[in-house]
Asks: 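Quick one: structure below, then a few questions.
Values in this document were obtained by computation on a predicted structure and should not be read as measured data. In each ligand, atom 1 is the first atom listed, and ligand 1 is the first ligand listed.
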Amino acid sequence: MTVAPSDASLRTHAESLWVALSDQLPGLSIEVLPMVDSTNTRLMQQAREGVVEPTVLVAETQTAGRGRMGKAWHSTTHTALTFSLGLPLAPSDWSGLSLVVGLSLARSLHPELRLKWPNDLWWQQRKVGGILVETANIAQRPERYVVIGVGLNLETPSPQAWPQDEAQTMAPQAPAGLYEVLGMDTLWTRGEVLNRVLPGLVRDVKRFEREGFGHFAQAFAERDALTGLSVTLSDGQQGLACGVDAQGGLQVQTAQGMIVVMSSTVGVRPC
Ligand code: BTN
């Protein structure tokens, strides 16, 4: 097992990121918590209570991390970077946001990282990270408060830490860690990883708000890990993944014809 370097720098990086991002996100706060149930849960609760300022919440440990479709997200202290970015947003079309987030992270981290529609970062068909996007209504404002949760494995998760359904049925391969992707000579601290991904993430989310998924579609296609693979949808349908459409829906050629799957409703895995 690789031992992650000390991340005392998490707070230092949080401070310099706050300085760098405050112009783009007026009112921004960046908090690093030693322990929280889930950074997404916390920001969603705050939003429902009317706290809708831009916030980055980083957890050193999450006790009840959540993934998509009601799954748990497991990570142990120092082996993963777990954070959520919350901000008011008013895109004309929300579809494709989680794809843009994944693309942004991949571009900031490594050329070999790929995207498994709709929300996983992949390396050699192994999951390195996941994204959970949730939104809350903001009273009397046109925007919604979006909470973008990111979980990135730094070290390779041990089999005991795999989510049960992924260990047993869903994942074709064991999850991977960013240190495998980077090579063991590059053991970035969690603060350094945050420093690499956050400015690009803020820039890309704001661009998504103005220009939608269309602006990112080509770049997503270049990192799309599923195109050309046979896939099984969580509703049992099977087919050939044929890339994403202009709204970020996954196109699948099935025996019944081409279908387009939207991210909120269906999971997908390679056959
Ligand atoms: C998935 O793979 O289904 C998405 C995983 C998202 C995990 C991150 S960790 C930070 C944030 N807080 C959570 O509870 N979940 C997200």
Side-chain angles (χ1 to χ4, degrees), residues 7 10 14 30-48 55-87 97-106 109 113-123 125-136 145-157 161-167 169-178 190-191 193-194 197-198 201 205 225-226 233-234 250 263-270:
D7 63 359
L10 199 44
I30 303 185
E31 293 175 62
V32 181
L33 297 180
M35 189 175 287
V36 66
D37 51 359
S38 148
T39 53
N40 263 50
T41 302
R42 178 67 67 92
L43 289 190
M44 287 295 287
Q45 272 167 359
Q46 289 183 187
R48 290 189 198 104
T55 306
V56 177
L57 197 56
V58 188
E60 295 193 34
T61 304
Q62 288 191 129
T63 55
R66 296 187 290 112
R68 277 185 70 245
M69 303 177 81
K71 292 183 199 160
W73 170 266
H74 301 275
S75 54
T76 44
T77 314
H78 301 299
T79 65
L81 173 65
T82 50
F83 72 94
S84 298
L85 164 67
L87 73 165
L97 176 55
S98 77
L99 280 55
V100 169
V101 172
L103 176 64
S104 179
L105 299 171
L109 289 170
L113 283 171
R114 294 285 171 268
L115 302 158
K116 176 185 169 266
W117 185 96
N119 71 324
D120 287 352
L121 278 180
W122 257 17
W123 178 69
Q125 298 207 8
R126 295 164 62 203
K127 180 166 176 167
V128 179
I131 295 150
L132 177 63
V133 176
E134 301 177 290
T135 66
Y145 194 75
V146 62
V147 177
I148 297 167
V150 175
L152 276 175
N153 302 327
L154 301 189
E155 295 180 15
T156 308
W162 299 358
Q164 248 206 352
D165 57 349
E166 297 213 346
T169 60
M170 286 296 280
Q173 300 262 25
L178 188 61
R190 288 191 290 186
V193 176
L194 186 68
V197 298
L198 194 56
L201 183 58
V205 168
L226 289 183
L233 309 181
S234 56
L250 177 68
S263 64
S264 55
T265 50
V266 180
V268 61
R269 66 187 161 96

Asks: Near R66, which atoms of ligand 1 are under 4.0 Å from a heavy atom of that residue?
Replies: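 The list of qualifying atoms is 5 (C), 6 (C), 7 (C), 13 (C), 14 (O), 15 (N), 16 (C).
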
Asks: Ion pair present between E31 and R42, side-chain N to carboxylate O less than 4.0 angstrom?
Replies: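 Salt bridge: no.
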
Asks: In terms of atom number and element, which parts of ligand 1 are under 4.0 angstrom from non-hydrogen atoms of G65?
Replies: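 Those of ligand 1 that fall under 4.0 Å from G65 are 14 (O).
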
Asks: Quick check: do P118 and R68 have side-chain heavy atoms less than 4.5 Å from each other?
Replies: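 When only atoms from C-beta onward are counted, R68 and P118 do touch, with a gap below 4.5 Å.
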
Asks: Pull out every atom of ligand 1 sitting under 4.0 Å from any heavy atom of I131, numbered as shown with elements.
Replies: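 This gives 4 (C) as the contact atoms.
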
Asks: Of all the atoms in ligand 1, which lie at a distance below 4.0 Å from a heavy atom belonging to N119?
Replies: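 This gives 1 (C), 2 (O), 3 (O), 4 (C) as the contact atoms.
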
Asks: Taking C-beta and beyond as the side chain, do N153 and T79 meet within less than 4.5 Å on heavy atoms?
Replies: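 Of all side-chain heavy-atom pairs linking T79 with N153, none is under 4.5 Å.
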
Asks: Does at least one non-hydrogen atom of K127 fall below 4.0 angstrom from an atom of ligand 1?
Replies: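 Yes.
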
Asks: Would you check whether T39 has a nitrogen or oxygen atom less than 3.5 angstrom from a nitrogen or oxygen atom of ligand 1?
Replies: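 Yes, at least one N or O pair falls under 3.5 Å.
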
Asks: Are V150 and V197 side-chain neighbours, meaning at least one heavy-atom pair lies under 4.5 Å?
Replies: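 Side chain of V150 against side chain of V197, heavy atoms only: no contact under 4.5 Å found.
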
Asks: Pull out every atom of ligand 1 sitting under 4.0 Å from any heavy atom of S84, numbered as shown with elements.
Replies: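 Listed by number with element, the hits are 11 (C).
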
Asks: Tell me the contacting part of T41 for ligand 1: side chain, backbone, both, or neither, using a 4.0 Å heavy-atom threshold, strictly below.
Replies: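 For T41, no heavy atom sits under 4.0 Å from ligand 1.
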
Asks: Check whether any side-chain heavy atom of F83 sits under 4.5 Å from a side-chain heavy atom of L194, and report yes or no.
Replies: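 Of all side-chain heavy-atom pairs linking L194 with F83, at least one is under 4.5 Å.
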
Asks: With side chains defined as the heavy atoms from C-beta onward, is the minimum distance between V101 and L85 less than 4.5 Å?
Replies: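 Of all side-chain heavy-atom pairs linking L85 with V101, none is under 4.5 Å.
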
Asks: Report, in ascending order of atom number, the atoms of ligand 1 lying under 4.0 Å from any heavy atom of R68.
Replies: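 Result: 1 (C), 3 (O), 4 (C).
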
Asks: As an exercise, identify every atom of ligand 1 less than 4.0 angstrom from a heavy atom of G67.
Replies: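 Answer, ordered by atom number: 1 (C), 3 (O), 4 (C), 5 (C).
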
Asks: Please state whether Q62 comes within less than 4.0 angstrom of ligand 1, counting heavy atoms only.
Replies: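 In this structure, Q62 qualifies as a contact of ligand 1 - some heavy atom is under 4.0 Å.
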
Asks: Any atoms of ligand 1 less than 4.0 Å from a non-hydrogen atom of F83? List them with their elements.
Replies: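 Near F83, meaning under 4.0 Å from one of its heavy atoms, ligand 1 has 10 (C).
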
Asks: Below 4.5 Å, heavy atoms only, C-beta onward: do L109 and L152 meet side chain to side chain?
Replies: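 Answer yes - side chains close enough.
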
Asks: Can you tell if the side chain of V146 reaches within under 4.5 Å of the side chain of V133, non-hydrogen atoms only?
Replies: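 In short, these two side chains touch, coming nearer than 4.5 Å.
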
